[in-house]
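Report on the following structure.
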Protein chains: 2
Amino acid sequence: MLELAILGFLYDHSLHGYELRKRITALTGHVRPVAESTLYPAIKRLEKAGLLARETQPGAVAAPRHVLSLTDAGRNELRRRLAEPARADITDENRWFTVLAFLRHLDEASAQAAVLRRRLDFLQEPASFFYEGDRPLRAEELDDPFRQGILTIARATSRAELAWLRKTLASLG
Amino acid sequence: MLELAILGFLYDHSLHGYELRKRITALTGHVRPVAESTLYPAIKRLEKAGLLARETQPGAVAAPRHVLSLTDAGRNELRRRLAEPARADITDENRWFTVLAFLRHLDEASAQAAVLRRRLDFLQEPASFFYEGDRPLRAEELDDPFRQGILTIARATSRAELAWLRKTLASLG
DNA sequence: TCGTAGTACTTCGAGTCCGATGTATTGTGT
DNA sequence: ACACAATACATCGGACTCGAAGTACTACGA
């Protein structure tokens, strides 16, 4: 997730870690903030794996900056992760949004459409949060107003996303 | 999150680990499955902290079951976690849904309302995913269809949840 | 000139999670 | 009679994450 965001942001521009941090915070920080002590080790991991390169600049403002850029292997890896997301990247909205945020980096519309279709399939699975035996319960069948809320909100999200997915899939041809 | 779900499910009934696992899977498993090797250590943690008690039954169906039940400390701890959720429990939808799933266990409507109000405040903060400088961008200003999708879906969710929150807060008095 | 805020990165330890693997029992199909 | 699935729990190592603290430098107001 974090790694995907790092690769995704660096695909467009080289950035130093601090700027990267600000962009990741803007993207997902209001939901799930990223600690510095998580970001910098992640950068090191990716660097060690040969996915990104580091060039140290003398500090213009403060401490020396490490300007990061994707290697060819890094670009390939980003495309691979976007084209073949893990199951959790499809099902978990937080992860899914990160995939969506960078999906334009896939070159082919058909590959983009394939990813959207996986999300579509997932949303169409008959899944609920609450069951009676094996039968999924509908909001109206619950007497707990908070659990009703969960189903109400999830249904609204699902509806909106299905509409958007179908529209976008149609426009991708 | 996991711990909250364990405490929440055990508030109503004593359950053995395997049954607990099935209920947690039903609740959040389609989004984020819980591995057995995560659940059982979590149970041990809570037991060690004195929040739940274990009674071993001879295996009716298979291996001996450990029937788990909340101690008084466990009941207090659940109510405490529900009444004073961490920031991430409010902002991350996955965690928030878990709080909602058990919020009825808070005795007082005013305490329930206070939690809902925290979510309301969060949703009303002007936050986006994409910025131009400091200014949040609207869906129409993006030319990336996938990023437009993120904003479109997030807005639909937000609208539905705000409506539900206001309705429910009104009915809580 | 002194404190504070912001930039930019690092280290450490503790906790948490997961995949893989293992053990033991009962029920079901063939 | 035997394999296999399901029940039920446990252990282990490796990876990831976080909070706390630290380093170091610049800019700016009082």
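First the proteins, then the strands, lettered A, B, ... as listed; each starts at 1.
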Quiz item: Is any side-chain N or O of B:Ser37 closer than 4.0 Å to OP1 or OP2 of C:dG19?
Solution: no
Self-check item: Upstream residue (5' side of DNA chain D) when A:Val34 and B:Tyr18 are each assigned their closest nucleotide
Solution: B:Tyr18
Quiz item: Of A:Pro41 and B:Glu19, whose nearest nucleotide on DNA chain D comes first from the 5' end?
Solution: B:Glu19
Quiz prompt | Closest to the A:Thr38 side chain, choosing from D:dA8, D:dT17, C:dT10 | solution = D:dT17
Quiz item: In whole angstrom, what separates A:Ile6's CD1 from D:dC16's P?
Solution: 11 Å
Quiz item: Rounded to the Å, how far apart are B:Leu68 CG and D:dC9 P?
Solution: 7 Å
Exercise. Can you tell me the distance, in whole Å, between the CG atom of A:Leu39 and the P atom of C:dC9?
Key: 9 Å
Practice problem: Report the distance from atom CZ of A:Arg54 to atom OG of A:Ser69, rounding to the nearest 0.5 Å. | Solution: 11.0 Å
Quiz item: Can you check the A:Arg21 CZ to C:dT7 P distance for me, whole Å?
Solution: 10 Å
Exercise. Please confirm whether B:Arg147 makes a cation-pi placement over A:Phe102, using NZ or CZ under 6.0 Å from the six-membered ring centre and within 45° of the ring normal.
Key: yes
Self-check item: Shortest side-chain distance from A:Ala35, nucleotide among D:dA8, D:dG19, C:dT10
Solution: D:dG19
Quiz item: Can you find a side chain N or O atom of A:Arg45 that sits less than 4.0 Å from OP1 or OP2 on D:dG14?
Solution: no
Practice problem: Let me see the working for B:Glu140 and B:Arg155 under salt bridge (Lys or Arg N to Asp or Glu O under 4.0 Å), right down to the final yes or no. | Solution: CA-CA 12 Å; B:Glu140 303 77 36; B:Arg155 200 189 291 168; 3.7 Å; yes
Quiz item: With a non-hydrogen cut-off below 4.0 angstrom, is B:Arg54 in contact with a base, only sugar-phosphate, or nothing?
Solution: sugar-phosphate
Quiz prompt | side-chain N/O A:Arg32 vs D:dC18 OP1/OP2, d < 4.0 Å | solution = no
Self-check item: Value in whole Å for how far the C1' atom of D:dT17 lies from CD of A:Glu3
Solution: 12 Å
Self-check item: Rounded distance in Å - OH (B:Tyr40) to C1' (D:dT7)
Solution: 9 Å
Quiz item: Any side-chain N or O of A:Arg65 under 4.0 Å from OP1/OP2 of C:dT7?
Solution: no
Self-check item: Ion pair A:Glu77/A:Arg80, N-O distance below 4.0 Å
Solution: yes
Exercise. Specify the separation, in whole Å, of atom CZ of B:Arg87 and atom P of D:dG19.
Key: 13 Å
Quiz item: What is the distance, rounded to the nearest whole Å, between atom CG of B:Leu46 and atom P of C:dC17?
Solution: 10 Å
Exercise. Kindly compute the distance separating OG1 (A:Thr25) from CG (A:Leu20), expressed to the nearest 0.5 Å.
Key: 9.5 Å
Exercise. Please check the phosphate of D:dA8 (OP1 and OP2 only) for any side-chain N or O of B:His16 closer than 4.0 Å.
Key: yes
Practice problem: Report the nucleotide, chosen from D:dA20, D:dT17, C:dT10, that has the shortest atom-to-atom distance to any side-chain atom of A:Lys44. | Solution: C:dT10
